[in-house]
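Written out below as structure tokens is the structure these notes cover.
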Amino acid sequence: MTVRVRIAPSPTGDPHVGTAYIALVNYCFARKHGGQFILRIEDTDQSRCSESSKQAIFDSLKWLGLSYDEGPDVGGDRGPYVQSERVAAGIYQGHVDRLIAQGDAYRCFCTTERLAALREEQKAAKATFFGYDRHCRDLDPAESQRRADAGETFVVRMKAPLEGEFAYQDRLRKNPFTKQWAEIDDQVLLKSDGWPTYHLAAVVDDHEMGISHVIRAEEWLNSLPKHVWLNEKLGFTAPEYVHVGLLRNPDGSKISKRKNPTNILWYKQRGFVPAALCNFLATLGHSHPDELEKFDLDELIRIFDLDRLNVAGPVFDMQKLEHLQGLYFRELDDDAMVGEIHRCIDERIHDLLPLLRERMVYGGDLTHAASFFYTDHVSHSVADLVPKGWDAAQTKKALEGLRSVLNKAAKKGDLSWDSSWLETTIRGFGEAKEYKPKQLFMPLRVVASGRRESPPLFDTIALVGRLAFMQRLEDAILALR
RNA sequence: GCUCCCAUCGUCUAGAGGCCUAGGACACCAGAUUUUCAUUCUGGCGACACGGGUUCAAAUCCCGUUGGGAGUACCA
């Protein structure tokens, strides 16, 4: 059998390190078995997808060196490789019609209001089953057709079995995965806007693209029955499904940008060597048979064994990544290292220059003037942090107050983190607490830059970025204890 | 809540019933090298979640408990 595997990320937001992890596994599996590795873009949720994040997926995979044999920007004869284009080509509609004709799917005319009310009801009644109550399941087909023709809006749902047990042996797990059909609700396959949901689109596309193995994250395990069922009803030979453990934050939860940098491009901007990131990811859930810790992609492909993959979700340990990164970086020859340094500076220098230029006398001044933009480690001395007229305790209290204001804004999604937003927010905070701007701003300047002199405060904080600034705020509060 | 998945040092992992007094790596601690720092080297600390079985023998197989995670959308 020809091995054909794929990754199918959604272009919503920043390219994710979890995608890189799954990509690496699929890539190695394909290369190991002389098969193909394919990129498909899943953008059926139009409201959340963007062109720029689609481009960022291409860029980040390219940067990592995980080249795909078929994909939107490289072509292939099983395209198109973007689902919105496949929708436009009418690829899914026929399959939906067939399911309805077979009696394996049905139109559901329930309103979102009714569905919401139903959910509330189930919650209030502390029901053990949450999900659609199959209100439209047994609608007369002719009646259903008539209402559709009359222009009523509807979704199409799968007619899931009402009883029996689903079982599937995932090759990475000891026991078969089992689930009672009674616990699986009638999943929407076609949304009211006529677009397929993930479940339908993925199953159809995997089939049409000749995918042999679907190696994906564990979060999909619970919807596996639906996918296997769809394959069956559509008359497809299902690919083999394999579920890999989810990357975790240090606290054990599913990896998230709040607690860890998850943006692949962040690592690039930061100056990570892609080989180091790949090497690190290859040690998560997988290990070199000779206990080697440092090895390149070719070596990884040589020793890669899907069956030896660990299914427990590994914690993404930044310290270990940095250790490997150090090894790779120091290995670079002079020219390569200079290139890397240039690249890291160039990525942000155009944003920084407007702030720095007034303060510069020589080109060499950059190394001093901009150093705090390029590091994660800013030193906060108590002497610098505490402004005239305040003591350490007072400064700490003010910083903690601001921290809570910024965290609350982030929680509500109410922040843009640009200069003017920061000015409004921080000034507002200062006024509410009746702090003198002078006294409040000095500690913040030191928090952001590690120095008492810096470019304009709010621009500086904006450019340092939320993630880094909040970390520095944390460090400063710690220093004041 | 319900369902599913998972469980070896703080973290990543080795371990396929006797090679286990549980091995390696990161982190941490100590020492050596280094005019400092970093690198490098040496050493140290440190785990089979708990309770029952099965077996001559259990980290490894079975059951239960506990703990963690995921899913529960007209998101993927």
Side-chain angles (χ1 to χ4, degrees), chain A residues 8-13 16 18-19 41-49 83 108 110-112 115-116 119 122-132 153-157 166 168 170 172-202 216-226 243-255 279-294 307-327 329-331:
Chain A
S10 247
T12 58
H16 202 274
T19 305
I41 297 293
E42 308 227 320
D43 58 347
T44 53
D45 185 350
Q46 297 164 281
S47 64
R48 298 198 314 147
C49 295
Q83 283 181 337
C108 166
C110 293
T111 61
T112 47
L115 262 20
R119 254 193 86 82
Q122 287 171 337
K123 233 177 188 172
K126 296 201 166 136
T128 55
F129 178 82
F130 288 83
Y132 182 56
T153 60
F154 61 87
V155 301
V156 176
R157 289 178 183 275
F166 171 85
Y168 191 92
D170 185 313
L172 298 182
R173 274 147 235 271
K174 216 173 341 189
N175 301 308
F177 165 82
T178 58
K179 188 115 179 168
Q180 295 301 318
W181 277 109
E183 279 151 6
I184 296 168
D185 77 344
D186 290 353
Q187 179 68 49
V188 171
L189 300 177
L190 199 72
K191 306 183 229 182
S192 57
D193 61 7
W195 287 58
T197 58
Y198 166 83
H199 304 279
L200 204 233
R216 50 161 35 166
E218 191 180 25
E219 54 191 332
W220 294 109
L221 193 51
N222 281 295
S223 40
L224 178 63
K226 296 169 184 173
H243 299 87
V244 176
L246 235 34
L247 261 29
R248 312 276 185 96
N249 295 314
D251 68 3
S253 55
K254 170 169 141 179
I255 196 165
N279 191 158
F280 170 67
L281 291 174
T283 65
L284 302 180
H286 192 263
S287 59
H288 193 286
D290 301 331
E291 297 198 322
L292 243 54
E293 299 284 337
K294 182 171 177 292
D307 293 315
R308 288 186 57 240
L309 219 55
N310 222 135
V311 82
V315 170
F316 189 97
D317 182 4
M318 203 54 161
Q319 280 185 316
K320 189 153 185 174
L321 205 206
E322 282 186 340
H323 166 76
L324 272 171
Q325 160 64 18
L327 296 182
F329 187 68
R330 279 177 239 119
E331 208 170 64

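Numbered from 1 within each chain, the chains take letters A, B, ... in sequence-line order.
Of the listed nucleotides (rA76(B), rC4(B), rG23(B)), rA76(B) has the atom at the smallest distance from the side chain of Arg48(A).
Within the shown strands, rG53(B) is the pairing partner of rC61(B) under the Watson-Crick or G-U definition, both distances less than 3.5 Å. Nucleotide rC29(B): paired with rG43(B) (Watson-Crick or G-U wobble, both distances less than 3.5 Å). Across every strand in view, rU36(B) sits unpaired, with no contact that passes the Watson-Crick or G-U test at under 3.5 angstrom. When Watson-Crick and G-U wobble pairs are counted only if both distances are under 3.5 Å, rU3(B) pairs with rA70(B). Nucleotide rA22(B): unpaired (no Watson-Crick or G-U wobble partner with both distances less than 3.5 Å).
Partners of Glu42(A) according to the salt bridge (Lys or Arg N to Asp or Glu O under 4.0 Å) rule, which considers only residues two or more places apart in sequence or in another chain, are Arg40(A). Applying the ring-ring contact (aromatic ring centres under 6.0 Å, His included) criterion to Tyr198(A), with sequence neighbours excluded, gives Trp220(A), His227(A). Under the side chain to side chain donor-acceptor pair (under 3.5 Å) criterion, Lys320(A) pairs with no residue at all, not counting sequence neighbours. Considering only residues two or more places apart in sequence or on other chains, Asp43(A) meets the salt bridge (Lys or Arg N to Asp or Glu O under 4.0 Å) condition with none of them. Listed by chain and residue number, nothing satisfies the side chain to side chain donor-acceptor pair (under 3.5 Å) test with Asn310(A) (two or more places apart in sequence, or in another chain). Applying the salt bridge (Lys or Arg N to Asp or Glu O under 4.0 Å) criterion to Arg173(A), with sequence neighbours excluded, gives Asp170(A), Glu218(A).
In this structure, OH of Tyr132(A) is placed 25 Å from P of rC2(B), rounded to the nearest angstrom. In this structure, the CD1 atom of Ile184(A) is 10 Å from the C1' atom of rC4(B), given to the nearest Å. Going from atom OH of Tyr198(A) over to atom C1' of rA76(B) covers 7 Å, rounded to whole Å. What separates CZ of Phe280(A) from P of rU11(B) is a distance of 14 Å, to the nearest Å. At whole-Å resolution of the value, CZ in Arg173(A) and C1' in rA7(B) are 13 Å apart. The distance from atom CZ of Phe329(A) to atom P of rU39(B) is 15 Å, rounded to the nearest whole Å. Atom P of nucleotide rA14(B) and atom CG of Leu292(A) are separated by 15 Å, given to the nearest angstrom. When the P atom of rU13(B) is taken as reference, atom CG of Asn279(A) falls 14 Å away, rounded to whole Å.
Using a 4.0 Å heavy-atom criterion, one finds that Gly285(A) contacts the sugar-phosphate atoms exclusively. Heavy atoms of Pro176(A) sit under 4.0 angstrom from primed sugar atoms or phosphate atoms, though from no base atom. Among the heavy atoms of the strands, none lies under 4.0 Å from Asp170(A). Residue contacts for Phe177(A): at a heavy-atom cut-off of 4.0 Å it reaches the sugar-phosphate backbone alone, with no base atom in range. Glu293(A) comes within 4.0 angstrom of a nucleotide base, judged by non-hydrogen atoms across all strands. Nucleic acid contact class of Glu183(A) (heavy atoms, under 4.0 Å, all strands): sugar-phosphate only. Residue Thr44(A) is in sugar-phosphate contact alone, with no base atom involved, counting any heavy-atom pair closer than 4.0 Å across all strands shown.
Distance check on atom C1': rC45(B) versus rU54(B) gives 37 Å, rounded to whole Å. One P atom belongs to rC62(B), the other to rA7(B), and the distance between them is 11 Å to the nearest Å. rG51(B) and rC12(B) are spaced 23 Å apart, taking the P atom of each and rounding to whole Å. For rG44(B) and rC4(B), the P atoms lie 47 Å apart once the distance is rounded to whole Å. On the P atoms, rU55(B) is 23 Å away from rU65(B), given to the nearest whole Å. Comparing rC37(B) with rC19(B), their C1' atoms are spaced 45 Å from each other, to the whole Å. rU40(B) and rU33(B) are spaced 8 Å apart, taking the C1' atom of each and rounding to whole Å. One P atom belongs to rA38(B), the other to rA22(B), and the distance between them is 33 Å to the nearest Å.
Using a 4.5 Å heavy-atom cutoff, the side chains of Thr44(A) and Gln46(A) are not in contact. Val188(A) places none of its side-chain heavy atoms less than 4.5 Å from the side chain of Tyr132(A). Counting only heavy atoms from C-beta outward, the side chains of Glu331(A) and Lys294(A) approach each other to under 4.5 Å.
The salt bridge (charged side-chain N to carboxylate O under 4.0 Å, His left out) contacts involving residues 243-255 of chain A comprise Glu219(A)-Lys254(A), Asp251(A)-Lys259(A), where partners must be two or more places apart or lie in separate chains.
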Completion exercise
5' to 3', nucleotides 40-55 of chain B under a 4.0 Å protein heavy-atom cut-off (B base, S sugar-phosphate only, - none) gives S---------------

Completion exercise
In 5'-to-3' order, the base (B), backbone-only (S) or no-contact (-) status of each nucleotide in nucleotides 64-74 of chain B, using a 4.0 angstrom heavy-atom cut-off, is ----SSBSSSB

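Between atom CZ of residue Phe177(A) and atom CG of residue Leu221(A) there is a gap of 4.5 Å, rounded to the nearest 0.5 Å.
For the pair Asn310(A) and rA14(B), the criterion of a side-chain N or O lying under 4.0 Å from OP1 or OP2 is met. OP1 and OP2 of rA16(B) both lie 4.0 Å or more from every side-chain N or O belonging to Lys174(A). For the OP1/OP2 pair of rA76(B) and a distance below 4.0 Å, the side-chain nitrogens and oxygens of Thr12(A) include no atom meeting the criterion.
Both Pro289(A) and Pro250(A) sit near RNA chain B, but only Pro250(A) has its closest nucleotide nearer the 5' end.
Across all non-hydrogen atoms, the minimal contact from Pro314(A) to Leu284(A) is CG-CB, 3.7 Å.
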